[in-house]
Protein chains: 2
Amino acid sequence: MRDVAERAGVSLKTVSRVINAEAGVTPATAERVTEAIAELGFERNDLAASLRHGRSSHTLGLVIEDVANPFYSAVAQAVEAVARDRGFLLITASAREDAVRERELVAALLRRRVDALLIVPAGPDHRYIASSSRAVFLDRPPHGIEADTVLLDDLGGARDAVEHLIAHGHTRIACVADDAGLYTMRERISGYREALKKAGIDEDPSLVVTGNRDVAAAQAAVTRLLSLPRPPTALFTANNRNTIGALHALRDAPGPAALAGFDDFELADLLGTTVVRADPWKLGEQGAGLAFARLDGDDGPPRTVTIPTELVPRGSGER
Amino acid sequence: MRDVAERAGVSLKTVSRVINAEAGVTPATAERVTEAIAELGFERNDLAASLRHGRSSHTLGLVIEDVANPFYSAVAQAVEAVARDRGFLLITASAREDAVRERELVAALLRRRVDALLIVPAGPDHRYIASSSRAVFLDRPPHGIEADTVLLDDLGGARDAVEHLIAHGHTRIACVADDAGLYTMRERISGYREALKKAGIDEDPSLVVTGNRDVAAAQAAVTRLLSLPRPPTALFTANNRNTIGALHALRDAPGPAALAGFDDFELADLLGTTVVRADPWKLGEQGAGLAFARLDGDDGPPRTVTIPTELVPRGSGER
DNA sequence: TTGTAAGCGTTATCAG
DNA sequence: CTGATAACGCTTACAA
């Protein structure tokens, strides 16, 4: 910038004015500066600019479980879209359900002075996130602190799915889920139980299988379930990984079974898979919205938003 | 940091030493400083640190078409994983096949002094990317400049797919693709033509449909193709969007048609869809590798790496 | 082992 | 309308 000033025969401040389109510069002067900038290929350093006036350079941080999971990549897309509309850039990092890694990533983002942090929390305790820093929790609530949070209606959605299966005559309904330590899984399992209870069906613990972290594990679990002496006649799968694993298992299964899953997924329509849909786009959009509201000065008490779910019958749950 | 120094009764520099674990500080002094840091909840400002010594704060920039497309989200995941191994953070931005937007995003990332830029280029001209800046092009080559590039074997993969269909007796093979202006599409269409030519089959221009940007457009295109007076007996779909659109169209089609698609996708195995697979993870991994090689001092001429493809027969292409 | 001074690239203040 | 100077939070070079 100094070089530009020298070349244009003006002061540093004048160059700064031109760059930021500030008022009070003679067109002639501005012209000379603009030329010098072009000739020197000058490019303002946003990092330095943000250093000066406190506000970190228009950046949001997003800590997510796994960018490659379509549910979370949709969340990331939504957050990025909102950020982009406000001229913000987004740093995305994957924690992979690892609490240590999550902490490191959060620390790194905070050190980089992101203006706000959106996080799908994996760790057991979030007091380390200074309440002063703008953090919005997505998909799962924080532990140990109060903060803005956007959740899905996990319990209600799961209940709807299971009630749907019950309405179609099923009483032996299995529940196939990821790690029961996850908030979303606990809620969805509660929804499953509520539906059974409401219908007066006793829960058979051998039909509840948790801890399936990926498609392969879910497939194995469902295969096992279907080969029980008294196999379930219907399955409730608690997330997209488990639903897809179940579909694989069902393809090779001796008998048919009804299926209703939590989370919509691409090709679910083609496969005729009944699901409860919770829009990941909305999750990200609302999360980013809360973050920007804070940046805009909202300092009310922490808010929690819940995204509703919607049952989408496509055949697999109606047999 | 000044506050910490004051509280610990030491100088700024000593605090700096402790923070960076530099040698030459008495344990006792270090202890006092550490305490002061904890009490004040001090957190080093990485932006300021990077400003001082030139090197931008360990950040990579990634400009991609669309984070929500599973192919690109896998690329992003790979880049992030490599970056993370080196202690780098990743800023990801979606250009949505918009050249103007792409330029803005690149400029914003450069202003933020990312150490390297990985980009899936959409624009027609990339001379605006200073050759001095470390840029690696992914999936498509740059225009107007020389730079490190990682491509897929688009032509070879497409040829393999079409030859596979030909080997199964097909001669009326349609080609269903995205915008023909895209490098990958041009290459894949060339591969399609090469295979036809090699087999002595005359191309029927009415069987080549391009410009299908999303699943719905691809579905409509295939539906139209299948209702031609002399419909194709086989389809080559040039990317994952088009393959999925074709699957939708085929479900409702009067007669069957063989199908081989470019890009693998989740559930392709379940659906028995024959594809040519090009690993997006490798694309990102190699791209990040090239970028870091440059950061490590490699200043040889620009390199181009090509990721091989692999035909995965699953039934849809063998009938 | 510890401290002082200067500077990274920008913007804010206030004077000219 | 324009410019000198300080400041942002940190690190490097050089002393003490």
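Lettering follows sequence order; numbering is per chain, from 1. Just so you know, these numbers come straight off a predicted model, no measurement behind them.
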Inset, instruction - To the nearest Å, give me how far apart CG (B/Asp46) and C1' (D/dC10) are. - result: 10 Å
Inset, instruction - Would you kindly give the CG-to-P distance between B/Asn20 and D/dA13, to the nearest whole Å? - result: 14 Å
Inset, instruction - Can you pull out how bent the helix from C/dT1-D/dA16 to C/dG16-D/dC1 is, comparing the axes over its first five and last five pairs, to 10°? - result: 40°
Inset, instruction - Check the side chains of A/Thr29 and A/Arg17 for a donor-acceptor pair under 3.5 angstrom, ignoring hydrogens and angles. - result: no
Legend entry - Length of the line joining A/Ile37:CD1 and C/dT10:P, which is rounded to integer Å: 10 Å
Legend entry - Whole-Å distance separating the CG atom of A/Leu47 from the C1' atom of C/dG7: 17 Å
Pairs under 3.5 Å (N/O, protein and nucleotides 7-9 of chain D):
unit_1: D/dA7; atom_1: N3; unit_2: A/Arg52; atom_2: NE; d: 2.7
unit_1: D/dC8; atom_1: O2; unit_2: A/Arg52; atom_2: N; d: 3.3
unit_1: D/dG9; atom_1: N2; unit_2: B/Ala48; atom_2: O; d: 3.4

Inset, instruction - To the nearest Å, give me how far apart CG (B/Asp3) and C1' (D/dC10) are. - result: 14 Å
Inset, instruction - Apply the test salt bridge (Lys or Arg N to Asp or Glu O under 4.0 Å) to residues A/Arg96 and A/Asp98: give CA-CA distance (whole Å), side-chain angles for both, the deciding distance (0.1 Å), then the verdict. - result: CA-CA 5 Å; A/Arg96 310 267 174 77; A/Asp98 178 336; over 6 Å; no
Legend entry - Residues A/Tyr72 and A/Asp139: side-chain donor-acceptor under 3.5 angstrom: yes
Legend entry - Lys/Arg-Asp/Glu bridge criterion (N-O < 4.0 Å) met for B/Arg134, B/Asp115: no
Inset, instruction - Give the minimum heavy-atom separation between B/Ala68 and A/Ser73, together with the two atoms involved. - result: CA-OG, 4.0 Å
Inset, instruction - For the residue pair B/Gln77 and A/Ser94, confirm or rule out a side-chain donor-acceptor distance under 3.5 Å. - result: no
Legend entry - Spacing between A/Ile19 atom CD1 and C/dG9 atom P, to the nearest angstrom: 13 Å
Inset, instruction - Quick one: sort the B/His143 and B/His126 rings into parallel, tilted or perpendicular, breaks at 30° and 60°. - result: parallel
Using a cutoff of under 3.5 Å, can you pull out all pairs of nitrogen or oxygen atoms linking the protein to nucleotides 2-4 of chain D, with atom names and distances?
unit_1: D/dT2; atom_1: OP1; unit_2: A/Thr26; atom_2: OG1; d: 3.1
unit_1: D/dT2; atom_1: OP1; unit_2: A/Thr29; atom_2: OG1; d: 2.5
unit_1: D/dT2; atom_1: OP2; unit_2: A/Thr26; atom_2: N; d: 2.8
unit_1: D/dT2; atom_1: OP2; unit_2: A/Thr26; atom_2: OG1; d: 3.4
unit_1: D/dT2; atom_1: O4; unit_2: A/Arg17; atom_2: NH2; d: 3.4
unit_1: D/dG3; atom_1: OP2; unit_2: A/Ser11; atom_2: N; d: 3.1
unit_1: D/dG3; atom_1: OP2; unit_2: A/Thr14; atom_2: OG1; d: 2.6
unit_1: D/dG3; atom_1: N7; unit_2: A/Arg17; atom_2: NH1; d: 3.4
unit_1: D/dG3; atom_1: O6; unit_2: A/Arg17; atom_2: NH2; d: 2.7

